[in-house]
2 protein chains.
Amino acid sequence: MPKVVDHEERREEIVQAAIEILSTGGPSMLTMEAVGRKLGGSTRMVNHYYPSRGDLLADLGPRLRERWARDLQAVDTGSADARRRLRAFLVWRLAHDTLRRASERAFLALLWVPSEDAASASAFHERGSEWMRGQIALRLAGIVAHEDVDSMVDILQTSVSGILVAAEENPDRWPPEREVAVVDRLLEMLGLAPEKELVGTRTEESEV
Amino acid sequence: MPKVVDHEERREEIVQAAIEILSTGGPSMLTMEAVGRKLGGSTRMVNHYYPSRGDLLADLGPRLRERWARDLQAVDTGSADARRRLRAFLVWRLAHDTLRRASERAFLALLWVPSEDAASASAFHERGSEWMRGQIALRLAGIVAHEDVDSMVDILQTSVSGILVAAEENPDRWPPEREVAVVDRLLEMLGLAPEKELVGTRTEESEV
């Protein structure tokens with residue numbers, strides 16, 4: 001079934017081109033023409049897979065989440081310790097590779113999508129953040145009390161997102177090490193740091 | 001000197017129009033023509049005050065910071081307690097009024113400013129976040145040890161910024177009360193909550 005694989009690849013390429021256009025040029029640059037041009041093809045080629053920009057945007061979210069899930073398999077097998085897995089997830093979430101950082105910028109850019117595609121963008125944001133929240137919640141189970149998971153997810157999710165914004169706004173001042181240092185300090189203050197990195201200022205329920 | 005006042009007012013109006021255009025339409029919508037149109041005037045009128053978009057962008061930051069400083073005077077006289085002042089600042093920073101929220105969106109939109117204005121946008125981000133950091137640091141003095149101020153500023157600044165992004169991405173799920181609840185929970189976990197709102201889970205150095 002080589003034909004099927006080919007189509008699948010083409011869709012991945014189109015989605016990737018869309019992410020790069022959103023990330024670098026901003027929301028208004030994302031047109032079917034621009035995507036076609038970026039891939040060295042025609043608008044018609046893009047339209048063959050996605051009849052409209054709304055359709056393309058609607059496919060962006062599911063494809064990104066699939067990639068993230070694949071990524072995470074490698075991240076998560078790294079440790080048997082729940083606190084280390086939580087930290088590894090948050091560091092992964094900081095998106096230090098170019099490809100992932102581009103998709104984080106694309107996420108933000110969709111805040112200004114034209115009104116005809118606002119519903120797609122809104123679904124994208126809603127499901128994307130739901131997915132991220134779910135991943136954090138999963139890694140908090142067994143570390144914090146059940147009733148505290150939601151508020152802890154709020155804190156961790158917004159913090160990491162704010163670090164990404166700071167790094168985008170002031171890239172010179174926010175090298176990856178500083179981003180990770182903030183996550184580590186925050187985990188420490190929240191009593192969620194992996195054992196070795198705990199400072200002795202608080203009583204810690206050792207979960208490990 | 002009524003003529004001088006008039007010019008000043010005109011500049012404020014132009015800057016405000018620019019913020020609204022950036023906030024709603026996104027970065028690429030900010031042209032001198034669009035600003036003129038929004039004010040019911042001509043491009044020439046805008047050019048009289050700001051010869052180029054770069055000049056306009058360069059004036060955006062200082063004017064916003066002046067407004068913020070004025071705003072804050074009212075916020076800060078509200079309490080003599082350092083922890084309350086810190087909380088009040090962070091809640092103010094959440095920008096619950098339409099005008100301020102628009103300027104926060106404008107801040108983000110400048111991430112995609114065309115390259116000829118990238119230097120203005122970058123200065124805008126750098127000085128804007130420096131200003132905010134300075135304000136937080138000021139309110140942390142006397143609450144946390146001198147050597148912890150910087151890392152605490154990092155945590156608080158990025159958290160609030162992440163809350164703003166969450167609220168922009170999912171406005172239905174992030175009413176103002178939820179935003180404030182995250183700030184309160186975070187302050188509590190960091191040992192920075194005002195006395196009355198402390199829960200009895202940690203030892204607290206009473207500073208008040």
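Convention: sequence-line order gives letters A, B, ...; per-chain numbering from 1.
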Using the side chain to side chain donor-acceptor pair (under 3.5 Å) rule, take Glu20(B) and Gln16(B) through it: C-alpha gap first, then chi angles, then the decisive distance, then the call.
CA-CA 6 Å; Glu20(B) 281 163 28; Gln16(B) 187 53 37; 2.9 Å; yes

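The candidate with the highest count of non-hydrogen atom pairs below 4.5 Å against chain B, out of Ala166(A), Ala181(A), Gly162(A), is Gly162(A). Ranked by heavy-atom pairs shorter than 4.5 Å toward chain A, the options Val183(B), Val113(B), Val160(B), Leu108(B) are led by Leu108(B). Chain A forms the most heavy-atom pairs under 4.5 Å with one residue out of Ser115(B), Gly128(B), Gly25(B), and that residue is Gly25(B). Here His125(B) is the residue among Met29(B), His125(B), Glu168(B), Met152(B) with the most heavy-atom pairs under 4.5 Å with chain A. Taking chain B as the reference chain and counting heavy-atom pairs below 4.5 Å, the highest number among Pro171(A), Pro27(A), Gly26(A) is found for Gly26(A). Of the listed residues (Thr24(A), Leu156(A), Leu111(A), Leu110(A)), the greatest number of heavy-atom pairs within a distance under 4.5 Å of chain B belongs to Leu111(A).
Summarising the local packing, CZ of Arg178(B) is surrounded by more than 12 heavy atoms from other residues, nucleotides or ligands at distances under 6.0 Å.
Between Arg93(A) and the choices Leu72(A), Leu164(A), Ile136(A), the side chain to side chain contact (heavy atoms under 4.5 Å, CB included) rule is met once, by Leu164(A).
If you measure heavy-atom distances from Arg127(B) to chain A, you find no contacts under 4.5 Å at all. Only the side chain of Arg173(B) comes within less than 4.5 Å of a heavy atom in chain A; its backbone stays farther off. Both the backbone and the side chain of Phe107(B) come within less than 4.5 Å of a heavy atom in chain A. Within the 4.5 angstrom heavy-atom criterion, atoms from both the backbone and the side chain of Ala109(B) approach chain A. For a residue to count as touching a neighbouring chain, one of its non-hydrogen atoms must lie under 4.5 Å from one of that chain's; by this rule Glu179(B) does not touch chain A. Only the backbone of Ser23(B) has a heavy atom closer than 4.5 Å to any heavy atom of chain A.
From Leu190(A), atom CG reaches atom CG of Asp148(A) across 11.0 Å, with rounding to the nearest 0.5 Å. From Asn170(A), atom CG reaches atom CZ of Arg133(B) across 9.0 Å, with rounding to the nearest 0.5 Å. Atom CG of Leu57(B) is separated from atom OG of Ser122(B) by 12.0 Å, given to the nearest 0.5 angstrom.
Using bins of under 30°, 30° to 60° and over 60° for the plane-to-plane angle, the ring pair Trp131(B)/Phe89(B) lands in the tilted bin.
Using a 4.0 Å cut-off between charged nitrogen and carboxylate oxygen, Glu66(B) and Arg63(B) do not count as a salt-bridge pair.
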